[in-house]
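Read through the structure below, which is laid out as structure tokens, and then see the notes.
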2 protein chains.
Amino acid sequence: MTRLPLNTRITPSRKAMIDIFASTDHPLSAVQMHKLLKRLNINANITTVYRELEFLLNHTVIHKIDISGATTYYESSEGDHHHHAICTSCGNIQDVTISDEEAFLTNVRKPHDFTIKRHSVEFYGHCGTCN
Amino acid sequence: MTRLPLNTRITPSRKAMIDIFASTDHPLSAVQMHKLLKRLNINANITTVYRELEFLLNHTVIHKIDISGATTYYESSEGDHHHHAICTSCGNIQDVTISDEEAFLTNVRKPHDFTIKRHSVEFYGHCGTCN
DNA sequence: TATATAATGCAAATGAGTTGCATTAATAAT
DNA sequence: ATTATTAATGCAACTCATTTGCATTATATA
């Protein structure tokens, strides 16, 4: 796992959130995380959840995924590089991999002098259940 | 251009927005559009801008682009299929094309039974000026 | 020119996320 | 074990993008 600062304190909500991200292969929003914590009887304030997400993000424990819409989703940085298929009917999010992604990236005609730091590839459509 | 409903009324703000999208190769947010209209002395309410964006979206005159963050951007549906490179420093958005995009799409290992309706590919990094 | 109703303006509400500040609690120091 | 330091938290208030209800205006048609 990524190294957290030396002065990082292990609080119940922090531990739970780290555990949840580590054991879930599913992107989560702040509100969803907040509910999950409640079910574990960890009554953290939603502000605390947002702040912790920011903290975990800063320390690359998690990363954002860019899904169309107002809500930000986060997932663990562990696991292989992948993208997402979002069902526009039920909101379900599944992983998508691209074989030979390097080839794909070499086919990108990027603007002159633009330095790519990261990329986002998302597919929208209908999942098996909603088809 | 896409056909609008028969009962569509040509109001000053509608006409201006359609013209602006047709003549700009640049994604615009509701707030940016609102400012552009003001400069043309069309003092439409921001609500009207949002409603008109929704209308143009519904009639496929424009489409949303999915950029990380709270603000939604829209661009004309005219023009070739392309993606975007977003400068995370200055917010500048440039077009990106992928050569042989069909090949890229065939390399996508999509979930079983998932029907892809559209996809979004965005690159984040630093533009020439911010490098 | 009158009529129907699409489009608009305004105010208020919503939803996601942020911030200031006082309080609490995890850890280090004693 | 006790205390001190300060990271983490809770709460309320706020911002920002966007939406909604409702009364009013104005475009296109009869």
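A note on names: the letters A, B, ... follow the listed sequences, proteins ahead of strands, and every chain is numbered from 1. Bear in mind the structure is a predicted one, so any value in this text is a computation, not a measurement.
The distance between atom NE2 of A/His59 and atom P of D/dA7, rounded to the nearest whole Å, is 12 Å. Note: CG (B/Leu4) to P (C/dA6) measures 14 Å, nearest angstrom. Residue B/Phe55 contributes atom CZ, which lies 14 Å from atom C1' of C/dT5 at whole-angstrom precision. Protein atom CE of A/Met33 is 16 Å distant from nucleotide atom P of C/dA16, rounded to whole Å. Distance, A/Leu28 CG to C/dG17 C1': 17 Å, rounded to whole Å. Atom CE of B/Met17 is separated from atom P of C/dA7 by 13 Å (rounded to the nearest Å). We find that CG of A/Asn58 is positioned 15 Å from C1' of D/dA7, with the value rounded to whole Å. One interatomic measurement links the two molecules: NE2 of B/His34 to P of D/dC16, which rounds to 16 Å at whole-angstrom precision.
No side-chain donor from either of A/His83 and A/Gln94 sits under 3.5 Å from a side-chain acceptor of the other.
A salt bridge is absent between A/Asp95 and B/Arg109: the closest approach of a Lys/Arg side-chain nitrogen to an acidic carboxylate oxygen does not fall below 4.0 angstrom.
The nucleotide whose nearest atom lies closest to any side-chain atom of B/Arg51 is, among D/dA7, C/dT8, C/dC21, C/dT8. If you check D/dT9, D/dA8, C/dC10 against the side chain of A/Arg14, the one that comes closest is D/dA8.
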Find every protein N or O atom lying less than 3.5 Å from an N or O atom of nucleotides 24-27 of chain D, and list the pairs.
residue : atom : partner : partner atom : Å
D/dT27  : O2   : B/Arg9  : NE           : 3.3
D/dT27  : O2   : B/Arg9  : NH1          : 2.8
D/dT27  : O2   : B/Arg9  : NH2          : 3.4

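Residue B/Ser13 places at least one side-chain N or O under 4.0 Å from the OP1 or OP2 atom of C/dT8.
Taking all atoms of both residues into account, the shortest heavy-atom contact from B/Ile46 to B/Ala30 is CD1-O, 3.9 Å. For the pair B/Ala44 and B/His34, the tightest heavy-atom approach, listed with the atom from each and the gap, is O-NE2, 2.9 Å. When all heavy atoms of B/Ser29 and B/Gln32 are compared, the pair lying nearest together is N-OE1, 2.9 Å. Residues A/Pro12 and A/Ile42 approach most closely at O-CD1, 3.9 Å, considering heavy atoms.
Counting only heavy atoms from C-beta outward, the side chains of A/Glu101 and A/His119 approach each other to under 4.5 Å. Using a 4.5 Å heavy-atom cutoff, the side chains of B/Val49 and B/Leu53 are in contact. In this structure, the side chains of B/Cys90 and B/Cys127 come closer than 4.5 Å at one or more pairs of heavy atoms.
Helical stems involving DNA chain D, defined as 3 or more consecutive Watson-Crick or G-U pairs under 3.5 Å, span C:1-30 with D:1-30.
With a 4.5 Å cut-off between side-chain heavy atoms of Ile, Leu, Val, Met, Phe, Trp and Tyr, the cluster of A/Val121 takes in A/Val96, A/Ile98, A/Phe104, A/Leu105, A/Val108, A/Phe114, A/Ile116, A/Phe123, B/Val96, B/Ile98, B/Phe104, B/Leu105, B/Val108, B/Phe114, B/Ile116, B/Val121, B/Phe123.
A/Ser29 comes within 4.0 angstrom of nothing in the nucleic acid, heavy atoms only.
Contacts between residues 39-50 of chain A and DNA chain C, defined by a heavy-atom separation below 4.0 Å, involve A/Thr47, A/Tyr50, listed by number.
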I'd like a table of donor-acceptor pairs (distance under 3.5 Å, sequence neighbours excluded) in which one partner is a side-chain atom from residues 13-21 of chain B, with atom names and distances.
residue : atom : partner : partner atom : Å
B/Arg14 : NE   : B/Glu52 : OE1          : 3.1
B/Arg14 : NE   : B/Glu52 : OE2          : 2.7
B/Arg14 : NH1  : B/Arg9  : O            : 2.9
B/Arg14 : NH2  : B/Glu52 : OE1          : 2.9
B/Lys15 : NZ   : B/Asp19 : OD2          : 2.9

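With DNA chain D read from its 5' end, the first of the two nearest nucleotides for B/Val31 and B/Asn7 is the one closest to B/Val31.
For A/Asp113, the salt bridge (charged side-chain N to carboxylate O under 4.0 Å, His left out) criterion is met by no residue, not counting sequence neighbours.
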